Amino acid sequence: MNGWLSSLADGNVSMMESPMHADGAPSLLLGAAVNGALIVFAVYSVAVILIAIAADRFGRKNSFLGEFFLGSRSLGVWAFALTYAATSASGGSFLGFPSLVYTHGWSVGLWIGGYMIVPLVSMGLLAKRMNQIARKTGAITVPDVLRDRFGSSSFGTVCTLLIVLFLSINLIGQFKAGATIIETLLAEQPIYEMMRAWVARVIGDGLGLAIAAREPGYVLSLIAFAGVVVIYTAYGGFRAVVWTDVLQGLIMVAGVALLLPMTLWAVGGFGAAHRQLARMTPPENTHLVIARIDPGTSDSSSSETPRGEVEVPKASWVILGSTEDGDKRVFRTKVRAVVAVDESEATWTVDSPNAAPRLIPVIEITTPFEIEKITQHDLHGDLQARPATEADYLAAELEVPETGYAYGANQPGVYTRLPGPHATKATGFLPMGLALSFFLMWNFSGSGQPSNMVRLLAFKDSRTLQRAIFTMAVYYGLIYFPLVMIFVMARVLLPGWEVESDRIMPEVASHVTALAGVPWLAGLLLAAPFAAVMSTMDSFLLVNASAITRDLYHRNINPRASEQRLKTISIGSTIVIGVVAMVLALNPPKYLQDLVVYTTSGMSTCFLAPVFLALYWRRFNLAGAFGSLIGGFLAYNVLFLIGSAARNFERLEPYEPGGYHPFLVGTVVSFAAGWLVTVLTPPPTNETTQRFFGEATEAEPTV
Amino acid sequence: MKLDLVYRHARRETAVIITLCFAMAAWSLGAAALMGRGPLPAEQIETDAVGGFPTWVIWSLAIPWVFATLATGWFCFFFLANDPLGEEEADSPIHSNPHAASRSDEASAGEMGGA
């Protein structure tokens, strides 16, 4: 034990569970919020399936293939704008992004700042030409466009296979994210817990899958979430996806519009929030040993220390020090720990061979006014004195010296300044080189995503494009900047959530609605993350199904397939891909999150330059297209190979030359390779150039 | 060869889009680098704000964001040409599957086997 610990008055621990686990009035309010989440999910699931049925009936009069994969190229302003926006906003927008803002403060505003111009760049850059060429060639997928532009089925097939590879990996990640969100939001709700127990029994009876055995709640959530998405996507196709995207897009903006004023009210105004935020310093990391108090030394009112199992839930508060001298230290547990029957010390399930089970990882709060707030049990304003719990029989001691943030430790104002605090990076969260990298990446990687590109094939006319770009610009302004404001204020409202920062969105929703006396509204706010994940999953699912049905089967294997056969294959492939991804998500690869990041920007790196050059450069030819595709792919993968090798392949991480993201480096290489190979090889035929770049016979346009 | 009107317009519009993107990056990141980097003197930590926003956030995020939205509006309604994007070709899958009425599933299955 560290010597100085003995100077603490007694080492007794005052423990307060996380609000979600609490007893008493506040937890009742929070419980109502969680019930609300379950109801919202149920209502929401029924609504999207009804939308799919309506979409199917609406589109029956149209040709199946064009309708199922492209909505018959008839999207109007709202549908086009909101499906594009909702597809771009994934679960990360409402869970990962708030977590980043909470952890790093205002610097995350600059990190996402590129979104101020994303609608213009990501839609405007390619939309008009993509749509025009798709009409000329009858293309309904991105590989369709490329195949016809270069007159090469082999190039179309390579593009298709790349899309299927990247999107399949990404789809597993989206399924996992969706299940995790459901699990997070519905945990502890009685009906959900009852079903979870049932799933645990079924799994125990022999359906055993490794992860399932550990996490029946995850399995239940995955089946529910993925099931709904697969059903409505397979039934209603593109139009159902777009219509549900519109609903999902409206839910997202409504969630933000409700959350912002409620959070402002809860925190006492933005000026007050800033003054508190400016005084905050980041927490420190350390470990505690938590043990039973020997009989006879306990301050507890009980005369006897229980010998049964005692649980210390994740995110429990631990307060060390005496009340009298005011020298209190406040910690929060990062993991769930248990004092087993007849054991004296709490242990946790370690996540690495080097971790010691008896050392419970915690953060220590370092900001004086936060310590005061927590020790006075004033986290919720109306929080009353808590009833005695098992914690009264526990004692804690600090056994490992605390470690401050690599950037920002003991530095008031760090949450309001750049580069923002960071636990492990001495350069802080966002050095300026990285800020530039993200600004450009958000803009140009959005343009290069096949799931976004396919929407550019679907809008009705130029007037729709004009209005949709502006609609999306306003929409993003209403979503992203307010989200930064909300979760900067969340730091002030709810300290200590660094231990589980992905939960900050549901916690804030529960907290502010409880304070406002409308806890049922939390359920409505929590529909936003459901919506965000679903709208991304359905699009990825459909792009994958279109790649198999249209690009591989219809154009390569059986160009004369009947409409009925295409329908069977389309619906069948959507279901099969969804089910396979769901099964794989039961046992996701170890570094799935790394893989998702890798595939997301990897697709853009491969496709942005070939598509852009195909649309705008007359001289660009098939060899150049292959050069561009392969150049981008190789550059991107080499950077990941170097970065991962430097970490002994323990993680999939890129090498970032000069601090620039591999997407930017890969895209530059892709453009350069496309140009070089093109100028070294013969130009396309005059017929091709005339077809794609020659004057059309349409009337003069009006501005 | 006379160039297609949509192509010519799209090329001009793309140049403006890319210029706007880099201009906004320069403004936002430039203001952030000048006004937002590094710790402030203790007496300015709480006061360096406008309406609760850190000063650098106003100049590098809030105002540029509003400007970018207005610029997007200008681009959409006063610069982006309302070009006709053309008609679908007769055999486009958007119109119909030309084989839908004439061919049975059995026939297609035969073709598939021979493919």
Side-chain angles (χ1 to χ4, degrees), chain A residues 63 65-66 72-73 106 109-110 113 116-117 119-121 124-125 128-129 131-132 135-136 138 140 270-271 273-275 278 411-413 416-418 432 435-436 439 443 461-463 466 469-470 473-474 477 481 557-558 560-565 616 690 693-696 698-699 701-703, chain B residues 1-7 9-11 13-14 17 20-21 24-25 28-29 32-33 36-40 45-46 49 51-52 54 57 60-61 64-65 68-69 72-73 75-77 80-89 91-97 99-100 103-105 108 111-112 115:
Chain A
S63 150
L65 212 55
S72 302
R73 220 187 305 279
W106 271 112
L110 192 65
M116 66 177 70
I117 198 81
L120 182 59
V121 177
L125 203 61
K128 200 187 263 187
R129 285 285 288 160
N131 195 287
Q132 182 200 23
R135 283 167 197 267
K136 277 187 180 178
I140 57 172
F270 217 59
H274 174 77
R275 285 189 292 278
Q411 189 181 307
T416 64
R417 302 286 295 171
L418 295 168
M432 292 312 294
L436 174 63
F439 195 104
N443 280 283
D461 51 28
S462 294
R463 185 70 76 191
Q466 291 172 329
I469 293 175
F470 185 66
V474 174
F481 198 73
I557 298 173
N558 186 7
R560 303 175 70 82
S562 70
E563 184 135 316
Q564 184 56 43
R565 175 167 292 275
Y616 288 105
Q690 175 64 39
F693 297 92
E695 187 178 44
E698 288 88 349
T702 55
V703 174
Chain B
M1 180 183 75
K2 192 167 181 187
L3 293 177
D4 174 45
L5 194 66
V6 177
Y7 169 59
H9 283 162
R11 212 170 42 173
E13 289 153 6
T14 297
I17 289 170
L20 267 174
C21 178
M24 294 314 302
S28 178
L29 300 174
R37 268 195 309 174
L40 283 173
I45 289 175
E46 289 185 39
V57 171
S60 71
L61 285 175
W65 206 303
T69 306
T72 301
F75 178 89
C76 292
F77 299 117
L80 182 67
N82 182 22
D83 293 315
L85 297 174
E87 299 298 320
E88 300 284 344
E89 291 195 345
D91 60 349
S92 165
I94 295 295
H95 288 314
S96 64
N97 180 346
H99 311 290
R103 304 187 67 81
S104 68
D105 277 352
S108 297
E111 286 158 5
M112 190 177 153

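Quick note on labels: first sequence line is chain A, next is B, and so on, each numbered from 1. The model shown is predicted, which means the values in this text are computed figures rather than measured ones.
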Task: B:P54 side chain reached by A:R417 side chain, heavy atoms, under 4.5 Å - done: no

TODO: Would you give the length of the straight line joining atom OG1 of B:T72 to atom CG of A:L120, rounded to the nearest 0.5 angstrom?
DONE: 4.5 Å

Open item on the list: Report which part of A:N443 has an atom under 4.5 Å of a heavy atom belonging to chain B: side chain, backbone, both, or neither.
Closed with: side chain

Task: Exercise: identify the closest heavy-atom pair between B:T14 and A:Y616 - done: OG1-OH, 2.9 Å

Task: Over all atoms of both residues, closest heavy-atom pair of A:I117 and B:M24 - done: CD1-CG, 4.0 Å

Open item on the list: Quick check against the 3.5 Å criterion: does A:Q466 have a side-chain atom that pairs as donor or acceptor with the backbone of B:L80?
Closed with: yes

TODO: Grab the two heavy atoms, one from A:H274 and one from B:G52, that are nearest each other, plus how far apart they are.
DONE: CB-O, 3.3 Å

TODO: For residues B:A81 and A:K128, report the shortest heavy-atom separation together with the two atoms involved.
DONE: O-NZ, 2.8 Å

Task: Student check: side-chain heavy atoms of B:S28 and A:L110 closer than 4.5 Å - done: yes

Task: Nearest atoms (heavy-atom pairs only) where B:M1 meets A:Q690 - done: CG-OE1, 3.0 Å

Task: Interatomic spacing from CE in A:M116 to SG in B:C21 - rounded to 0.5 Å - done: 10.0 Å

TODO: Select one option (side chain, backbone, both, neither) describing which atoms of A:A273 are under 4.5 Å from chain B's heavy atoms.
DONE: neither

TODO: Among B:G73, B:A25, B:G51, single out the residue with the greatest number of heavy-atom pairs under 4.5 Å to chain A.
DONE: B:A25

Task: B:L85 to A:R135 - nearest heavy-atom pair and separation - done: O-CD, 3.3 Å

TODO: Check each atom of B:F75 against the heavy atoms of chain A and say whether the ones under 4.5 Å are side chain, backbone, both or neither.
DONE: side chain

TODO: Using atom types as modelled and distance alone, determine if a side-chain donor or acceptor of A:S462 lies under 3.5 Å from a backbone N or O of B:D83.
DONE: yes

